[in-house]
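A quick write-up on the structure given underneath.
Remember, predicted model here, so these are calculated numbers, not experimental data.
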2 protein chains.
Amino acid sequence: MAVNLKQLAEILGLSQTTVSRALNGYPEVNAETRQRVLQAVRETGYRPNRAAQRLATGKAYSIGLVMPIAPGIDSDIHFGEFLAGLAEESVKHDFHFVLNPSAPDDEEATFRRLAASGNVDALFLAYMRPNDPRIPMLKALSIPFVVHGRSIGGPRDYPFLDIDNTQAFYDATKLLLQLGHHRIALINGPDYLAFSIRRKKGVTRALEEWGLGVDEELVHHSVMADEYGYRSMQHFLERPNPPTAVLCSSTVLALGAVRAINRAGLAIGSDISVIAHDDVLPMLKPENFSVPLTTTRSSLRAAGARIATRLIGGIIGRGDYPEQELWRAELIVRASTGPAPGR
Amino acid sequence: MAVNLKQLAEILGLSQTTVSRALNGYPEVNAETRQRVLQAVRETGYRPNRAAQRLATGKAYSIGLVMPIAPGIDSDIHFGEFLAGLAEESVKHDFHFVLNPSAPDDEEATFRRLAASGNVDALFLAYMRPNDPRIPMLKALSIPFVVHGRSIGGPRDYPFLDIDNTQAFYDATKLLLQLGHHRIALINGPDYLAFSIRRKKGVTRALEEWGLGVDEELVHHSVMADEYGYRSMQHFLERPNPPTAVLCSSTVLALGAVRAINRAGLAIGSDISVIAHDDVLPMLKPENFSVPLTTTRSSLRAAGARIATRLIGGIIGRGDYPEQELWRAELIVRASTGPAPGR
DNA sequence: GTGGATATCCAAAGCGCTTTGAGAGGAAAT
DNA sequence: ATTTCCTCTCAAAGCGCTTTGGATATCCAC
C-alpha cells in the first residue's frame with residue numbers, strides 16, 4: 001500500500017528525479033508529465049517519507065517547543081490556549097510541532113538536544129525570566145527562534161513578540177486612581193517571570209506618578225490558578241485597611257478573587273473594584289463573570305498564530321516579518337470598576 | 001560544532017559501526033572501547049541525527065496526536081491537561097510528540113498523512129464518537145494506536161483506556177435519588193461524543209431503576225465552557241418546575257452553573273444539589289468552590305500518563321500492558337449535595 | 001599446531017528522498 | 001548541414017544513521 005518514490009517512478013516509467021521535480025514544482029518538467037505524476041500520486045496515495053526528505057533537505061517542516069512539565073507542576077491553561085493559536089496557523093502550511101516535555105531545570109539540555117536532533121527547523125520560547133540564559137544559548141546554537149515575551153536585561157537583539165505589560169497595568173492602575181482608589185492590590189503571576197515583573201512595574205509607575213507608593217503588603221505573586229486568587233484576596237481583605245481595588249494578572253486569578261470578595265459580602269464595582277488581564281481564554285470570559293470584569297485584553301491565541309506565522313515564514317523563506325513586536329493590550333471597561341467607596 | 005557519527009568515528013580511530021554499536025548497547029563491543037566512545041560523546045556533544053536514525057531504523061521515537069483545531073473552535077482545557085500527563089510520562093523515555101493540528105472534517109486525511117509520513121511510531125486518539133471511522137481506518141493502516149475513551153458500536157477489539165462514564169453518572173444520580181431528588185438536570189458535553197452519550201445513559205439507567213424517566217427538557221448538551229454551564233442552568237431555573245439537582249459533565253460547566261444558581265439566590269446543597277465530573281484540573285478544584293462540590297473524580301492527567309506508558313512500551317517492545325482498561329471514577333461527596341428541599 | 005569458538009572490529013549496503021551535472025532530442029539560428 | 005540553445009529527462013551522489021556479513025585476532029582444547 002505504502003508506495004515510495006522509486007516505486008512511483010517505476011509505475012510511471014519515469015526517473016525518480018523527474019517525479020521528485022514534478023512534485024516539488026520545479027519548472028523544468030513538462031506540464032503534461034506533471035499532471036500524470038500528480039494523477040499517479042492520487043491513485044497510489046503516495047506520501048513522501050518525511051524522515052528521508054528531512055535528511056536530504058535539512059528541513060523538518062516542524063517547529064519545536066519545550067513544554068515545561070514535571071510531576072509536581074500544574075499544567076497551564078494559558079499554554080494550551082497559546083498552542084491553539086500556533087496550531088491554527090501551522091495547519092495552513094502543513095507544519096507540525098515537536099513538543100518536547102522537559103523539567104524546568106533540564107530545559108537547557110532539552111533545547112540543545114532538540115536543536116541537534118534535526119527534528120525541528122526553529123524553536124519557540126516562552127515563560128521568559130530576567131537574564132534568561134536560553135537566549136544567548138539559542139543564539140550560539142544558531143537555530144532560528146522566536147520568543148513569546150521578553151527577557152529583562154541581557155542581550156536585546158533577538159526576535160520576540162510581547163505585549164506591553166507595563167503599559168497595560170499602568171493603564172489599568174491609572175483608571176483606578178482616577179476613580180479615586182488609593183489602596184490598590186495586585187495579584188500577580190510568579191515573581192520570577194518577566195511579565196509579572198513588568199506588570200508590577202506598570203502599577204508602580206502609575207502610583208508614583210500619582211504621588212503614591214506601592215504597598216508591598218498588597219502585592220502577591222503566585223501560579224495562575226483560581227485557588228491562589230482566592231487566597232490572596234482573602235488575605236488582603238483580612239487586613240486592617242483592606243484595598244478598595246485589585247488587579248489580577250489573569251482571569252483565572254480573578255475567578256478566585258471574585259469568590260473571596262463575594263464570600264466577604266462585598267459588592268464588586270462599588271465596595272471593591274476589580275481589573276484583570278484577559279488572555280481571551282474561551283472557557284473563561286470576563287463578560288460572563290457575575291459582575292462583568294474590566295480587563296486589559298490581548299489574545300494569547302492570536303499571539304500564538306502570529307508567532308507561528310513568523311516562524312514558518314522564516315523557514316520557508318517567504319515573508320518578511322518584523323523581528324520584534326510589542327502589542328498593546330486594550331483596556332476594556334466593564335462593570336467591575338467603579339468609584340472608590342466613600343467618594 | 002555539530003559532530004556526526006562519521007566524524008566521531010574518525011576522531012576515535014574507530015569505524016562507524018563500532019561507535020554505533022557502542023552507543024546502542026550492543027554486546028560485541030569492548031567495555032573499554034565503549035567507555036572511550038561515551039567519553040568522546042560527552043566531549044564533542046555528539047547527538048545522533050534523528051531523521052537519519054529514523055530512516056535507518058524506521059523508528060521515530062515519537063508519538064503522534066491530532067489536535068482538533070479550527071479558527072472557530074475553542075481550545076479545550078481538558079486537552080491541555082491530558083497532554084500534560086502524556087508529557088510527564090514521555091519525558092522519562094526521551095520521547096516527544098508530533099502535534100498535528102487539524103480541522104475536524106479533515107481529521108481522517110491528517111491521520112493518513114501522519115501515519116504515512118514516518119514521523120511517528122504510534123498514534124493517539126481521543127474525542128471518540130459513535131461508530132468512529134478512525135478506528136477501522138487506523139487498523140487498516142496497521143500503525144499502533146491507543147484510544148482515550150471508547151467508541152460506541154463498530155469494532156470492539158482495539159486498544160483503549162476509558163473511564164466508566166456510565167457507572168460514574170449512574171452512581172452520582174443514585175446518590176441524588178437517595179437524597180430524595182426527583183427532578184434531576186444534566187448539563188452534558190457535546191451530544192456527538194461517546195462519553196456524553198454514556199454519561200446520559202448512566203443517568204437514565206439510575207432514574208429508570210428508581211421508576212423514573214429522563215426529562216429531556218432537563219438535559220443540555222454543549223461545549224465544556226463555563227458560559228454554557230451558566231446558560232443551561234439559567235434555562236433550567238426559569239422553568240415552571242425547576243430541578244432540585246443538577247449533574248455537570250465538567251467542573252468548568254459547574255462553574256457556570258454555580259454562578260447561575262447564586263444569581264438566582266438559591267443555596268447550593270440545600271435548595272439545589274450539584275454534582276460535577278472532576279477531571280482534576282489543577283486550576284479548578286472542586287474543593288475550592290464557594291460550596292465544595294460533590295464530584296465523580298478521575299484524573300485526566302493520570303490517563304494521559306498511562307496512555308503514554310502503553311504507547312511507548314509498545315514501541316520499544318518493553319512491557320506488556322492490557323489492551324483495554326476501564327477505570328472507575330471515584331464518587332466524592334462534599335457539601336454541594338444535600339437532601340431534596342421539602343423533605 | 002590445528003580446528004573451532006570467542007571476542008572485536010570493519011566495509012559496505014541500504015533507508016527514501018533531493019539535487020547536481022549531464023545527456024538526448026528538437027527547434028531555431030547561422 | 002552545422003551550431004546554438006532550449007526543454008525535458010536521467011544516473012548517481014549524498015544526507016547520517018543502522019545492520020548484515022564478513023574479517024582479523026585471540027584463546028582454548030585436542
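B:Leu5 approaches B:Ser20 most closely through the heavy-atom pair CD1-CB, 4.2 Å.
The six-membered or imidazole ring of A:Phe111 lies away from that of A:Phe145, with a centre-to-centre distance of 6.0 Å or more.
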What protein N or O atoms touch nucleotides 24-28 of chain D N or O atoms at under 3.5 angstrom, if any, and at what distances?
none

> Do B:Leu138 and B:Ile143 pass the side chain to side chain contact (heavy atoms under 4.5 Å, CB included) test, and can you show the C-alpha distance, the side-chain angles, and the key distance before you say yes or no?
Replying inline: CA-CA 6 Å; B:Leu138 287 185; B:Ile143 180 170; 4.0 Å; yes
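Looking only at distances, no side-chain donor or acceptor of B:Arg50 sits under 3.5 Å from a matching main-chain atom of A:Leu114.
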> What string of B, S and - do you get for nucleotides 10-20 of chain D, 5' to 3', if B is base contact, S is sugar-phosphate-only contact and - is no contact with any protein heavy atom under 4.0 Å?
Replying inline: BBB-BBBBBBB
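B:Asn49 places none of its side-chain heavy atoms less than 4.5 Å from the side chain of B:Asn4.
Applying the ring-ring contact (aromatic ring centres under 6.0 Å, His included) test to B:Phe160 and every residue at least two apart in sequence or in another chain returns B:Tyr158. For B:Tyr61, the ring-ring contact (aromatic ring centres under 6.0 Å, His included) test picks out B:Phe95, with sequence neighbours left out.
Sequence neighbours left out, the pairs with a member in residues 123-133 of chain B that pass side-chain hydrogen bond (donor to acceptor under 3.5 Å, both in side chains) are B:Asp76-B:Tyr127, B:Asp132-B:Arg134.
Only one option out of B:Leu311, B:Thr309, B:Ile312 pairs with B:His93 in a side chain to side chain contact (heavy atoms under 4.5 Å, CB included); it is B:Ile312. For the side chain to side chain contact (heavy atoms under 4.5 Å, CB included) with B:Glu325, the lone residue among B:Ile307, B:Ile163, B:Leu161 that qualifies is B:Leu161.
Taking five base pairs at each end of the helix from C:dG1-D:dC30 to C:dT30-D:dA1 and finding the rotation axis that steps the C1' atoms of four pairs onto the next four gives two axes whose angle is 60°, to the nearest 10°.
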